[in-house]
Each structure stands twice: as C-alpha cells, then as structure tokens.
**Q** 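To start, I am sharing the structure in question, which I have written as structure tokens.
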Amino acid sequence: MMNESSLSLAAAGRLLVVLALVFTCSGQLSAAEITVQNDSLLPGDDGNIQAGFVGSESAAVWLTAPCDGNIVAIQVFWRSLTGGTAQVLGEWIKVYDGGAFPQPGAELELLEGPLLTDGVLNEFRFLDEFSTVPISIPVTAGQTFVVSYKFSEAPDPFNGPSLVTDVNGCQPGKNAIEAQGLGWISSCLLGVTGDFVIRAVVDCGALPGACCVVGGGCSDILNLADCTAAGGSFHGEGTNCSAVTCLEACCFMPSGCLDFTVADCLTATGFNQGPGTDCLTTVCFATGACCNLDGSCDDDVSEPDCIASGGTFQGNSSLCSAANCPQPTAACCLSSGGCLALSESDCGVIPNSSWAGFGTDCSDVNSNGTADDCEAGATISSAESMLDHGGQDLALDLTSSNVEPRSPGILRVDFQVSSTVASVSASVSCVTGTFGGSATVTAAGTLVTVDFSTALPDADCCTITLSGDASGSFDVRPLRGDIDRNGVVSTGDASVIKPNFGQNPASVGAQFDFDANGVISTGDASQIKPLFGNAAACP
C-alpha cells in the first residue's frame with residue numbers, strides 16, 4: 001500500500017510540469033471536442049509523481065460528461081523525476097459507468113496494453129495497436145463515468161515514471177485507487193493530496209452558440225447548421241446571446257440604410273434585410289434584369305418580384321442588353337410528322353418545321369402517332385339547334401340557314417367537328433344583346449354539345465366560339481317566328497305553317513312547330529302575328 005511521502009518523492013522536491021500532448025495512437029482534437037478533467041494542472045505548474053504503486057494496482061478518476069456525445073480519447077500524464085526513461089507498457093485502461101464511489105460501475109470499454117511515454121500527456125484514440133478501431137463510447141449530458149489505469153509493474157519508487165497529480169488538493173469523490181488488500185478506496189483517504197491527471201475527451205458534435213434569428217430574436221441552443229437552416233446569423237460556437245446584439249441592415253425609402261435591431265427598424269418604418277446583413281454590403285431596393293420563363297427579359301425588376309414570377313434574377317443593376325437569357329424549348333413540329341423539343345431559333349433551322357410556341361411539348365396523349373401540340377385543332381363541320389318537342393328532341397340544321405325560329409329559342413347547339421376531341425370550351429358574344437347565362441360543353445368523339453343555361457337573346461346575331469381541342473366560331477340568329485328563316489318575321493311565315501297543320505314535326509320539319517309542343521296547329525300560326533316585323537342579321 002502507498003502513502004503520500006513515498007508518492008510525492010518529497011526528498012527530491014516537487015516536479016515542474018512541462019505538459020506536452022502526444023497522440024500515442026494517432027488522431028487530433030476537433031473543434032467540437034471537450035476535454036473533461038478533475039485536475040487543474042497547466043504547463044509550468046508543480047505536480048507530484050505518484051510512484052508508490054505496486055504491480056496490478058489501479059488509479060481511477062470520476063468524470064462528468066458535458067453533453068450528449070461520445071468519449072473519443074483518453075489522456076494520461078506519465079512522468080519520471082529525471083525524465084527520458086523508457087516507454088512503459090501498462091496493463092490496461094478501462095472506462096466504466098459511474099457506479100457508487102469508490103466502486104466503479106459496469107465496464108464500458110477496454111484498451112489493452114497502453115504504451116506510455118515519459119514526460120508527456122499521452123492520448124489514446126484507438127482500441128488497437130494498428131489504429132483501426134476508434135474509441136467511441138456514448139455518454140449523455142451529466143452522466144458520471146470512470147477512467148481507470150492499471151499498472152502492469154511497480155514504478156521505481158524514487159524516480160518513476162508513474163501517474164502525476166496536481167498539488168492543490170484531493171477532491172472528495174473524484175479519485176480512487178484499487179489497492180492490494182483494500183480493493184477500491186478513495187485516494188484522499190490514503191494521503192494523496194491532489195487529483196490524478198487522467199482525462200477524457202468527449203466529442204459533443206457541433207456546439208451551440210448565439211444565433212440571431214429571423215424576426216430579431218436570439219437563440220443560444222442552435223448550432224451552426226441549425227442556425228443557417230433557420231435563416232439565422234451564427235456568432236460562433238460557445239457564444240451567448242447576452243453578449244450579442246442582433247443588428248440587421250435596415251433600408252429606408254427611397255434610399256438610405258442603417259444597421260438597426262429589428263424592433264428599431266420597424267419603429268423607424270424601415271425594411272429589415274434579414275439576419276447577418278449589414279449596410280456595408282447591402283444594396284437597398286436593388287433591381288436588375290429578369291430572365292422570364294419564355295426567354296424574354298425585363299429590366300428594372302426586383303429580385304423578389306423576379307423570383308415570384310418564376311424568372312431568374314441576373315443581379316443588382318444588371319441590364320437585359322447584357323443578359324444572356326436561356327431560351328425555352330418547346331414542340332418543334334416537323335414536316336415528317338415528327339416532333340423535337342427545340343428552342344425557337346433551333347427549330348427555325350430545320351426546313352418546313354414550325355415551332356408550336358412556349359409551353360408546348362411533344363407528348364402524344366391521344367396516342368395517334370402525332371404530338372398533340374403539333375395536331376391541327378378540330379374544326380366545325382356542321383351545327384344543329386336541338387329542342388324538346390313534347391318529349392322528342394328535334395334538330396334544326398343551322399349550317400344552311402343559321403336562323404332558329406322556334407319559340408323556346410336557342411338552348412342547345414350540337415356541333416360536328418372534323419376530328420375526335422376530348423376537351424372543348426365555348427364562349428358567346430352577341431351583336432345587340434347580352435347573354436347573361438353560362439355554356440356547358442360536352443365532347444364525345446366528333447360531337448360537341450353546347451348547352452346554354454338560358455336562351456340566347458332573340459332577334460340578335462350571336463357568335464359561339466369553340467376553343468381547346470376544337471376551334472372555330474359559328475354565327476347563329478335566334479329569331480322567333482321566322483319560320484321561312486329569311487331573317488324577317490312576316491305574314492309569309494304564318495302562311496307556310498298552315499299546310500302542315502296536324503302533321504308530325506319530326507316528318508315535315510321542326511320549324512313548323514313554333515311552340516315546340518309536338519303538334520303543328522293553328523296556335524303555332526297565331527302566336528307569330530305579334531312578332532311581325534322582327535328581324536335579325538349578322539354583320
């Protein structure tokens with residue numbers, strides 16, 4: 001067993017420490033690593049060589065993890081009185097859970113055969129002699145753990161080398177010795193008057209620091225990556241918000257800038273430019289060239305407005321005259337029936353080709369072998385006005401004459417188009433009246449049906465325009481009573497009905513059933529008389 005007088009080598013006096021770090025097994029300290037220690041030893045301090053150990057005895061320190069991280073290195077100060085002695089191969093270094101002092105807890109890791117060099121702070125970062133298995137022991141913030149060194153042989157009691165302690169007192173509950181015949185016991189009880197220089201290095205990952213966040217606040221809990229991701233300005237690991245003033249560039253209309261806090265900038269009715277900005281590098285209300293999606297360019301556009309429109313900002317004070325805006329590609333329709341995605345200028349190089357325009361492509365949704373955007377839109381072949389006549393739908397051809405003379409007016413028009421369509425829309429405009437209803441379009445094959453929520457204005461010329469897969473315009477004239485469909489309502493219209501009294505309008509003509517009740521009668525003729533003189537013509 002050992003005592004302080006034998007350990008401190010008092011006859012030789014205290015040792016002046018030269019604390020040099022040697023990476024015994026290779027490695028280097030990272031910015032996120034924290035050295036955990038009980039001792040206070042610094043270069044130039046006095047220390048005691050504890051040379052009273054015998055073989056197989058151990059010394060241990062109880063340490064506290066500063067963060068959630070990993071123990072990545074162990075440091076041991078090893079020193080002789082004279083210096084320059086041969087390297088010593090220890091039995092092992094072990095890391096334990098904290099246990100109940102002075103008894104260590106469960107073993108967490110074992111480093112066998114540590115090779116110690118005289119006169120230096122030996123650091124071990126690997127578990128094997130070939131430096132292939134790094135030390136990595138998970139710990140949590142506040143966790144107590146134990147690092148222990150076991151002697152393979154007794155040090156020279158008069159010279160060492162051996163473990164070293166500081167000289168400013170032995171902290172209770174921090175240092176212990178596994179002594180022969182006693183087991184684990186506090187080293188303070190054995191007369192050791194200092195803390196063992198056995199340390200651990202804990203990798204805490206990226207350390208937090210003061211982060212000036214969007215909106216003007218400050219956070220102490222974010223690291224660099226998290227602060228940057230939040231759009232903040234990081235002031236360095238370990239910094240504290242109490243020592244940081246979060247200033248931003250504050251721009252004033254029409255010009256001018258001051259570095260203000262967010263609150264002061266708002267009070268002064270300025271415009272905050274965001275964390276990390278300053279007036280030295282900020283250009284207030286900058287504009288420049290904006291390359292648009294269609295390849296065009298606009299000058300004097302702010303960067304936010306350019307980005308919001310989908311464009312690409314070319315830089316502060318840039319001009320379109322110097323901008324090389326990328327030209328979009330679109331469907332280039334070839335005379336062979338093929339299609340290539342090319343810019344307008346490249347498409348123009350190919351003979352007999354045509355550029356379909358920005359926003360088009362070569363997709364062939366209808367699988368007919370031709371790109372949809374290269375197909376000519378379907379055109380109107382014919383049109384019919386369709387009305388219900390007492391339970392039967394009867395059509396009136398509008399292609400030869402565009403007059404609809406029946407009393408209900410134009411409520412539905414069926415168009416035949418030149419090719420199969422899937423998506424068509426319709427709009428209506430009239431010459432003298434206003435159509436206040438809506439048009440519902442149904443497309444099936446080559447038939448396009450347009451249903452109107454209310455009848456088109458009477459005695460008027462209205463244009464129905466199709467767009468989408470079918471295109472074209474068709475004029476119609478709703479003119480009640482114009483049975484002969486010549487554009488004017490007159491006595492002649494009443495007289496042409498009389499020969500058809502009692503006939504089925506499906507057989508002799510739907511126009512003779514003026515009131516569309518399914519029977520041609522004197523009532524159809526008499527209802528026309530008040531309409532004499534009405535007319536409709538298209539420009």
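The chain is numbered in sequence order, starting from 1.
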**Q** Is it true that a side-chain atom of N223 and a backbone atom of D226 form a donor plus acceptor pair closer than 3.5 Å?
**A** yes

**Q** Applying side chain to side chain donor-acceptor pair (under 3.5 Å) to T281 and D278, what does each step give before you reach the verdict?
**A** CA-CA 6 Å; T281 58; D278 59 62; 3.1 Å; yes

**Q** Go through the side-chain N and O atoms of E123 and Q75 and say whether any donor and acceptor fall under 3.5 Å apart.
**A** yes

**Q** Nearest 0.5 Å please: distance from the CZ atom of F124 over to the CD1 atom of I135.
**A** 8.5 Å

**Q** Give a yes or no answer on whether the side chain of T140 reaches the backbone of Q143 with a donor-acceptor pair at less than 3.5 Å.
**A** no

**Q** OG1 of T144 to NZ of K174: how many Å apart, nearest 0.5 Å?
**A** 7.0 Å

**Q** Do I177 and L190 have side chains that get closer than 4.5 Å, going by heavy atoms?
**A** yes

**Q** If you measure from CD on E153 to CD on E91, what distance do you get to the nearest 0.5 Å?
**A** 10.5 Å

**Q** Is any side-chain heavy atom of D364 closer than 4.5 Å to one of D372?
**A** yes

**Q** State, without any angle test, whether Q273 and T282 hold a side-chain donor-acceptor pair at a distance under 3.5 Å.
**A** no

**Q** Taking side chain to side chain donor-acceptor pair (under 3.5 Å) as the criterion, tell me which of N159, D156, D118 meets it with T85.
**A** D118

**Q** What is the distance from atom CD of E303 to atom OG of S318, rounded to the nearest 0.5 Å?
**A** 10.0 Å

**Q** For the Cys pair C333 and C374, is the SG-SG distance shorter than 2.5 Å?
**A** yes

**Q** Can you tell me how far the OG atom of S148 sits from the NZ atom of K150, to the nearest 0.5 Å?
**A** 9.0 Å

**Q** Centre-to-centre under 6.0 Å for Y149 and W78, is that the case here?
**A** yes

**Q** Is it true that the SG atoms of C257 and C284 are less than 2.5 Å apart?
**A** no

**Q** Got a donor-acceptor contact below 3.5 angstrom from the Q314 side chain to the T312 backbone?
**A** yes

**Q** Tell me whether C218 and C212 have SG atoms closer together than 2.5 Å.
**A** no

**Q** Report yes or no: is the SG-SG distance between C297 and C290 under 2.5 Å?
**A** no

**Q** If the plane angle is over 60° it's perpendicular, under 30° parallel, otherwise tilted; pick one for F196 and F53.
**A** tilted

**Q** Once rounded to the nearest 0.5 Å, what's the spacing between atom SG of C265 and atom CG of L247?
**A** 11.0 Å

**Q** Evaluate whether the separation between SG of C325 and SG of C291 stays below 2.5 angstrom.
**A** yes

**Q** Is the C332 SG less than 2.5 Å from the C339 SG?
**A** no

**Q** Is any side-chain heavy atom of V76 closer than 4.5 Å to a side-chain heavy atom of V197?
**A** no

**Q** Looking just at side-chain N and O atoms, do N38 and N175 make a donor-acceptor pair shorter than 3.5 Å?
**A** no

**Q** Heavy-atom distance under 4.5 Å between the side chains of C279 and D259, does that happen here?
**A** yes

**Q** Taking atom types as modelled, find out whether D195 and T165 have a side-chain donor-acceptor pair closer than 3.5 angstrom.
**A** no

**Q** Given 3.5 Å as the limit, does a donor-acceptor pair link the side chain of S353 with the main chain of L334, or not?
**A** no

**Q** Are S302 and D305 linked by a side-chain donor-acceptor pair shorter than 3.5 Å?
**A** yes

**Q** Just by distance, do the side chain of Q50 and the backbone of S162 share a donor-acceptor pair under 3.5 Å?
**A** no

